[in-house]
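Chain letters run A, B, ... following the sequence lines, proteins first and then strands; every chain starts at 1. Only a predicted model underlies this, so the values are computations on that prediction, with no experimental measurement involved.
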Number of protein chains: 2
Amino acid sequence: MTKKGDKIGHILHVTIDLLSKEGGENLSMRGVAKASNISLSNLQYYYPNKEALLKAAIAQYFSGCQEAIMARMEQSALDQASSGSIFFEQLLDLLLYNAKESDQAIMFREISALSSRNKDLELAIDAYYKDYCAWLTELIRPHAQLPEKIVCLLVPYLEGYAGVGTVLPLSKKEVVQMLLDIIKGTLNPLCSE
Amino acid sequence: MTKKGDKIGHILHVTIDLLSKEGGENLSMRGVAKASNISLSNLQYYYPNKEALLKAAIAQYFSGCQEAIMARMEQSALDQASSGSIFFEQLLDLLLYNAKESDQAIMFREISALSSRNKDLELAIDAYYKDYCAWLTELIRPHAQLPEKIVCLLVPYLEGYAGVGTVLPLSKKEVVQMLLDIIKGTLNPLCSE
DNA sequence: ACCTGAACACCGTTCAAGT
DNA sequence: ACCTGAACACCGTTCAAGT
């Protein structure tokens, strides 16, 4: 019953693995087919071209990321922390760690580069990011008065930090503290703005 | 005398052009050679492989970016604006505009994806970013008390904004205002921290 | 030092053909 | 519906050879 799903799942798993190991540039249909133990033509039956394969793999990857974050969130009992300070400290630690995790950082760079070449892929990725922003906004809402603003600060920042974080004049710890100060000081005023 | 330099300059110019038009994935040595009106083998004489060509093209591109920012800075008479508020307003406008300029955003995505595949390229790019951070720090120093912190905020943020800016729940104008508030409120306290 | 073309093993995609 | 191999035009790189 789920045999077809399993096969496709396996293909996508292999694709993501190769994508993070060798990059989109070096990923080949033949390589994916070989690593999946199927023929090139068979792979092309499921994904008629490289773009279709990449699109499906990226979709799979994004949903995997959301699940991973959810899981770690529950694990660290983030929801229960009612105090705003502790909540954001944990969240930043989690998101920044996530951003620097080698595989993930590489994947996002590959994905964003691929999307800049491909309108279709870009739209799909934009949709995933919008989902992510909405999800993060609701996660933050109970702990802050301006969750949209905080999301607008954090999402681009973390995205950029994954790329240039290592060259900044401040350490990661100092950066986290700075972000916390910003969230506390500017974006979460006790009185209305 | 400068004939060799001219030829190399032309090759790099053509490479950057093709890179931004077709992406690193679709850039070919043969394509660059053809567009440069030289033979493939001749191109390989100057750049023995694709990596060497890309590395040189990216170096050329980065220095071009610095020059462009400098030029626009002088043009907008940014240095003379002694008032901190006006200075940062102009700077953010300039940097955010720069970041969303289609060609540049695409180039940076290509570059960062290429660098994640190539340790050599990554080191070169890190060096350019460090330069950029140092340069921006000194530019900001006369107008703020914690220039390093502001750079640590702005550089990753602008980098990330180029990728995900369009999916955020706030408009670009609101984002600029938020950044200005942060700079004024948290990072540039009148009294010592 | 500068430039050339032929040849190598690879690639994505197409296609006609099998079950 | 699922799977196959041959063939197409392309690619990066190597190499022996010319000026």
Side-chain angles (χ1 to χ4, degrees), chain A residues 1-58 110-111 113-121 124, chain B residues 1-58 110-111 113-121 124:
Chain A
M1 244 347 124
T2 54
K3 214 136 188 224
K4 185 183 167 184
D6 279 358
K7 186 166 183 178
I8 287 181
H10 183 242
I11 290 173
L12 295 181
H13 181 263
V14 166
T15 304
I16 291 170
D17 194 48
L18 288 175
L19 195 55
S20 74
K21 270 191 200 136
E22 302 170 9
E25 199 180 4
N26 299 82
L27 183 87
S28 73
M29 295 289 276
R30 281 174 166 86
V32 171
K34 196 170 186 179
S36 305
N37 278 317
I38 59 175
S39 73
L40 171 61
S41 312
N42 194 193
L43 172 62
Q44 287 170 312
Y45 172 74
Y46 293 101
Y47 300 103
N49 50 49
K50 200 176 171 179
E51 180 191 325
L53 175 62
L54 284 171
K55 218 168 130 180
I58 288 171
E110 293 296 340
I111 289 171
L114 289 170
S115 78
S116 71
R117 285 294 121 232
N118 187 319
K119 209 66 189 157
D120 224 34
L121 222 53
Chain B
M1 246 349 121
T2 55
K3 215 140 187 216
K4 185 185 167 184
D6 279 359
K7 187 167 183 178
I8 287 182
H10 182 243
I11 291 172
L12 295 181
H13 181 264
V14 167
T15 304
I16 292 171
D17 195 49
L18 288 176
L19 194 56
S20 75
K21 270 191 200 136
E22 301 171 9
E25 199 180 2
N26 298 83
L27 183 87
S28 73
M29 295 289 275
R30 281 173 167 87
V32 172
K34 197 170 186 179
S36 305
N37 279 317
I38 59 175
S39 73
L40 170 62
S41 310
N42 194 193
L43 172 61
Q44 287 170 312
Y45 173 73
Y46 292 100
Y47 300 103
N49 51 48
K50 201 176 173 182
E51 180 192 323
L53 174 62
L54 284 171
K55 216 168 133 181
I58 288 172
E110 294 297 340
I111 289 171
L114 289 170
S115 78
S116 71
R117 284 294 121 231
N118 187 320
K119 209 64 191 158
D120 224 34
L121 222 52

Counting only non-hydrogen atoms, which of residues 9-21 of chain B are less than 4.0 Å from DNA chain D?
none
Counted 5' to 3', the first and last nucleotides of DNA chain C within 4.0 Å (strictly under) of a heavy-atom of chain B are C:dA1 to C:dA7
Nearest 0.5 Å please: distance from the CG atom of A:Leu54 over to the CD1 atom of A:Ile16.
10.5 Å
Can you tell me how far the CD1 atom of B:Ile8 sits from the OG1 atom of B:Thr15, to the nearest 0.5 Å?
11.0 Å
Could you write out DNA chain D as dot-bracket? Rules: Watson-Crick or G-U wobble, both distances under 3.5 Å, brackets [ ] for crossings, | for pairs with another strand, dot for unpaired.
||.|||||...|||||.||
If I take atom NE2 from residue A:His10 and atom CD1 from residue A:Ile38, how far apart are they, to the nearest 0.5 angstrom?
9.0 Å
Heavy-atom pair of closest approach, residues B:Asn49 and B:Ala52
OD1-N, 3.0 Å
So, taking the atom named CE in B:Met29 and the one named CG in B:Leu43, what distance separates them when rounded to the nearest 0.5 Å?
4.5 Å
Rounded to the nearest 0.5 Å, the CG atom of B:Leu12 sits from the OH atom of B:Tyr47 at a distance of 3.5 Å
Under 4.0 angstrom, heavy atoms only, what part of the nucleic acid is A:Leu27 near: base, sugar-phosphate, or nothing?
sugar-phosphate
Tightest non-hydrogen contact, residues A:Ala35 and A:Val14, listed as CB-CG1, 3.5 Å
In residues 32-41 of chain A, which ones come under 4.0 Å of DNA chain C, going by heavy atoms?
A:Leu40
Which part of the nucleic acid, if any, lies within contact of A:Asn49, taking any heavy atom under 4.0 Å across all strands shown: a base, the sugar-phosphate backbone alone, or nothing?
sugar-phosphate
Not counting sequence neighbours, list each pair that qualifies as a salt bridge (Lys or Arg N to Asp or Glu O under 4.0 Å) and has a residue in residues 44-53 of chain B.
A:Glu25-B:Lys50
How far does CG of B:Asn37 sit from CD1 of B:Ile11, to the nearest 0.5 angstrom?
11.0 Å
Please list all pairs meeting salt bridge (Lys or Arg N to Asp or Glu O under 4.0 Å) that have one or both residues in residues 31-49 of chain A, counting only residues at least two apart or in different chains.
none
